[in-house]
Amino acid sequence: FSTFQWPNPLLSYADQQLYEGPLEVLAEGCPPRDNSTIPAQWLRIAYHDMSTHNVDDGTGGLDASIQYELDRSQNVGEGMLDSLNDFNGFGIVSPFFGMADVIALGAVLAVAGCGGPFVPFSAGRVDATEAGPPTVPEPQQDLASHTESFRRQGFTPTEMIALVACGHTLGGVRQVDFPLVVTDNSTILQTFDTTPAFDTAVVSEYLQNTTQNPLVVGPNVTTRSDFRIFSSDGNVTMQSLLSPANFNQTCSSLFERMLNTVPSNVNLTDPITEPFDYLVMNNNPSRTVTLLWADRQESFCPSSGCSQQSNGTQNVFFTIIGQMQGVTALRYQFNATINATSSISKFWFEVNENDGSEPIVVDNGGAGFVVEQDSVFVDVARSELVLVESGGEFDEFIKLVVAVRGDGASTSASVTSFSPSLSGNPPFTPTINTTDLQLDASNPPEGGYTFFTMNTTFLVTFLDVTGTSSSGTVTQKNFDMTANNFPFVLIS
Ligand code: HEM
């Protein structure tokens, strides 16, 4: 069992994106694109975004500043724009998980998708709002410049050799973008090694002098930067990287550091190395899982808690990250009715394998899963996903219903909504809107609550809901619209 403490919207969301998120579909199986592969493009953009870091003053790093740097020759290549569109297109940028976190997640998935090692993922990067310095290394620079570049980014000369080898096991150099590196214009892209996979071929082919890596053996000696870097310690580091186990371990830890290179005022989460939203267990059909809760007045539920047994299970389909770690999980579902007056103060679970062993109590490290407030919340059961049909045309919207404890005369509610950018061009900036809600005529007050409503679209992914009553103002933060199934209503 993990030591994860609920609630933690950032960690929960990062865990969900890593283990169940949609982005992996473009990385799984190392799919080809633009004569290279999608993962190669994702790994390169992560490095370029991070290369603005300066260890001397703690500025720059993986901060999505690349969105403002695409017009620089260092960032040439259609893979850059394609990758940013991939990252924006899934709509997974959230109020607390920005483009920089998505770029880092993309690199983790890229390495795994091409058969490389697991790279531990941390979240919490902060997106820049302007370009960083133009400090991406370029092939025509000399070894001393590259050594200084990597020092400034936080890497030793030995780490520079390994990081370049780890990066250049994927993809290659495009002739149109680097005509001085790949001079033969019948070649669209010259790969760094003969395999698209994340493997040691880039190292072994270099050491065997069979390499076609244009940054090692290209016709233009000035742009043989990989040759100068790889041979800078008499091939000692490259020899050590011949071992697949050492290559994977070295690349995993250097990539983790590369992705965690952020401005010094940014704090990242601990690395996520297991799916902690669930209990990960073998399937046991005789297992029972019980939801227990305490009421707010401490008089309604028995001292052992009110309880409700699970009424069904769902298989969790893990991404390549979960698959490579060999984890399996079931999600247990509950349908519990909670008395509106006595309400709920915290909940927890009991897992009984029914095999004679003691039941396991899952209680968030002893504290229980505390429900901070019950005065303001999105009422999922009263909200509706509405489909309107008129003359063969369909219009869809979400009728959002918010419950505020208190009577109609003294209560009010507003919603701040977050929608990822719809633009096809970076920088991708989300839309944030605040709207005052109307009293909901179709849901009269009930159970001490007044109901408010607004219509919203599927483009909204997160909400903060604020309600005011005679007892004060309360906000339910970070309500995830994409994680909820509202009742469906057809109007025709
Ligand atoms: C001195 C340092 C480096 C130089 C001069 C350099 C240079 C280049 C060049 C010229 C390309 C071709 C890009 C294109 O045609 O689109 C390239 C591709 C690539 N680089 Fe580097 N690179 C360096 C370090 C790194 C590092 C540290 C990484 C680590 C992640 C990396 C990852 C990649 C990847 C994955 C590609 C393939 C992109 C694709 O196929 O679309 N590079 N690099």
Side-chain angles (χ1 to χ4, degrees), residues 27 30-51 53 62 66 70 72-84 86 103-104 106-108 110-111 113-114 116 119 135-182 187-193 195-199 202 213-216 218 220 222-232 250-252 254-259 261:
C30 206
R33 182 165 68 190
D34 304 335
N35 292 87
S36 180
T37 63
I38 297 174
Q41 298 177 331
W42 288 7
L43 188 59
R44 178 171 177 245
I45 198 171
Y47 175 62
H48 282 221
D49 189 35
M50 167 274 173
S51 355
H53 185 64
L62 221 170
I66 192 84
L70 294 180
R72 295 177 184 167
S73 59
Q74 338 180 300
N75 295 324
V76 67
E78 60 186 298
M80 293 295 191
L81 194 57
D82 288 353
S83 301
L84 286 170
D86 297 337
I103 293 174
V108 170
V111 173
C114 297
V119 179
T135 45
V136 179
E138 294 175 284
Q140 74 283 1
Q141 294 167 324
D142 63 15
L143 181 63
S145 314
H146 285 153
T147 309
E148 169 54 18
S149 255
F150 279 81
R151 184 205 65 78
R152 197 183 30 76
Q153 294 160 16
F155 297 94
T156 66
T158 306
E159 289 166 350
M160 166 177 75
I161 300 169
L163 197 56
V164 175
C166 294
H168 289 174
T169 183
L170 297 185
V173 181
R174 293 170 68 80
Q175 198 278 331
V176 283
D177 296 330
F178 291 91
L180 297 178
V181 178
V182 180
T187 304
I188 298 173
L189 176 133
Q190 176 59 54
T191 54
F192 293 124
D193 66 27
T195 65
F198 192 98
D199 60 17
V202 65
N213 177 345
L215 297 177
V216 173
N220 192 337
T222 313
T223 56
R224 289 182 181 173
S225 54
D226 278 9
F227 173 76
R228 290 187 290 272
I229 290 171
F230 292 168
S231 62
S232 60
T250 306
C251 297
S252 168
L254 284 175
F255 284 154
E256 183 182 7
R257 271 177 54 202
M258 171 178 104
L259 301 178
T261 298

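If you read the sequence from its start, that first residue is 1, and numbering goes on from there. Start at 1 and go down the list; that is how both ligands and their atoms are numbered.
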**Item:** Mode of D226 contact toward ligand 1 - side chain, backbone, both, neither (heavy atoms, under 4.0 Å)
**Value:** neither

**Message:** Could you tell me, atom by atom, which parts of ligand 1 come under 4.0 Å of a heavy atom of L215?
**Reply:** 7 (C), 8 (C)

**Item:** Option of least heavy-atom distance to atom 10 (C) of ligand 1 (set: F178, F198, W42)
**Value:** F178

**Request:** Using distance alone, determine whether Y47 and ligand 1 share an N or O pair under 3.5 Å.
**Result:** no

**Asked** Considering only protein heavy atoms, which is closest to atom 4 (C) of ligand 1, and at what distance to one decimal place?
**Response** P137 O, 4.1 Å

**Item:** Aromatic plane relationship, F150 with F155 - under 30° parallel, 30 to 60° tilted, over 60° perpendicular
**Value:** perpendicular

**Message:** Strictly below 4.0 Å, N to O, side chains only: are D49 and R44 in salt-bridge contact?
**Reply:** no

**Complete:** Shortest non-hydrogen pair, A46 vs L259, comes out as CB-CD2, 4.0 Å

**Message:** Quick test: of every protein heavy atom, which one is nearest to atom 12 (C) of ligand 1, and how far off is it to 0.1 Å?
**Reply:** G172 O, 3.5 Å

**Item:** Exam field: side chain T191 to backbone D193, donor-acceptor pair closer than 3.5 Å
**Value:** yes

**Prompt:** Any idea which atoms of ligand 1 are less than 4.0 Å away from a heavy-atom of S225?
**Reply:** 5 (C)

**Request:** Give the residue, atom name and distance (to 0.1 Å) of the protein heavy atom nearest atom 16 (O) of ligand 1.
**Result:** R44 NH1, 3.3 Å

**Request:** Assess the side chains of Q153 and H53: does a donor N or O sit below 3.5 Å from an acceptor N or O?
**Result:** no

**Prompt:** Which residue holds the protein heavy atom closest to atom 15 (O) of ligand 1, what is that atom called, and what is the gap in Å?
**Reply:** R174 N, 2.8 Å

**Asked** Could you state the interatomic distance from CD1 (I66) to CG (N75), rounded to the nearest 0.5 Å?
**Response** 3.5 Å

**Prompt:** What residue and atom, counting heavy atoms only, is the protein's closest point to atom 40 (O) of ligand 1, and at what distance?
**Reply:** S36 OG, 2.6 Å

**Complete:** atom 41 (O) of ligand 1: closest protein heavy atom, distance to 0.1 Å, is Q41 CG, 3.5 Å

**Prompt:** Under 4.0 Å from any heavy atom of H146, which atoms of ligand 1 are there?
**Reply:** 1 (C)

**Message:** Suppose we measure from atom 29 (C) of ligand 1 to each protein heavy atom; which comes out shortest, and what is that distance?
**Reply:** G167 CA, 3.5 Å

**Prompt:** Side chains of D226 and H168: donor-acceptor distance under 3.5 Å anywhere?
**Reply:** yes

**Prompt:** Under 4.0 Å from any heavy atom of G171, which atoms of ligand 1 are there?
**Reply:** 37 (C), 40 (O)

**Request:** Would you tell me whether D86 and S83 have side-chain atoms, one donor and one acceptor, within less than 3.5 Å of each other?
**Result:** no

**Asked** When rounded to the nearest 0.5 angstrom, what is the spacing between CZ in F198 and CG in L43?
**Response** 7.0 Å

**Request:** Any chance you could measure Q141, atom CD, to T223, atom OG1, to the nearest 0.5 Å?
**Result:** 12.0 Å

**Prompt:** Is it the side chain (CB and beyond), the backbone, both or neither of A40 that lies under 4.0 Å from ligand 1, heavy atoms counted?
**Reply:** both

**Request:** Provide the number and element of each atom of ligand 1 under 4.0 Å from a heavy atom of P139.
**Result:** 5 (C), 10 (C)

**Request:** State if V181 counts as touching ligand 1 under the rule of any non-hydrogen atom under 4.0 Å.
**Result:** no

**Item:** Polar contact flag, side-chain donor to acceptor under 3.5 angstrom, Q41-D34
**Value:** yes

**Prompt:** Going by distance only, is there an N or O of F192 that falls short of 3.5 Å from an N or O of ligand 1?
**Reply:** no

**Asked** Nearest to atom 21 (Fe) of ligand 1, which N, O or S atom of H168 do we find?
**Response** NE2

**Request:** Evaluate the side-chain proximity of R228 to T147: yes if any heavy-atom separation is below 4.5 Å, no if none is.
**Result:** no

**Message:** List ligand 1 atoms under 4.0 Å from I229, heavy atoms only on the residue side.
**Reply:** 1 (C)

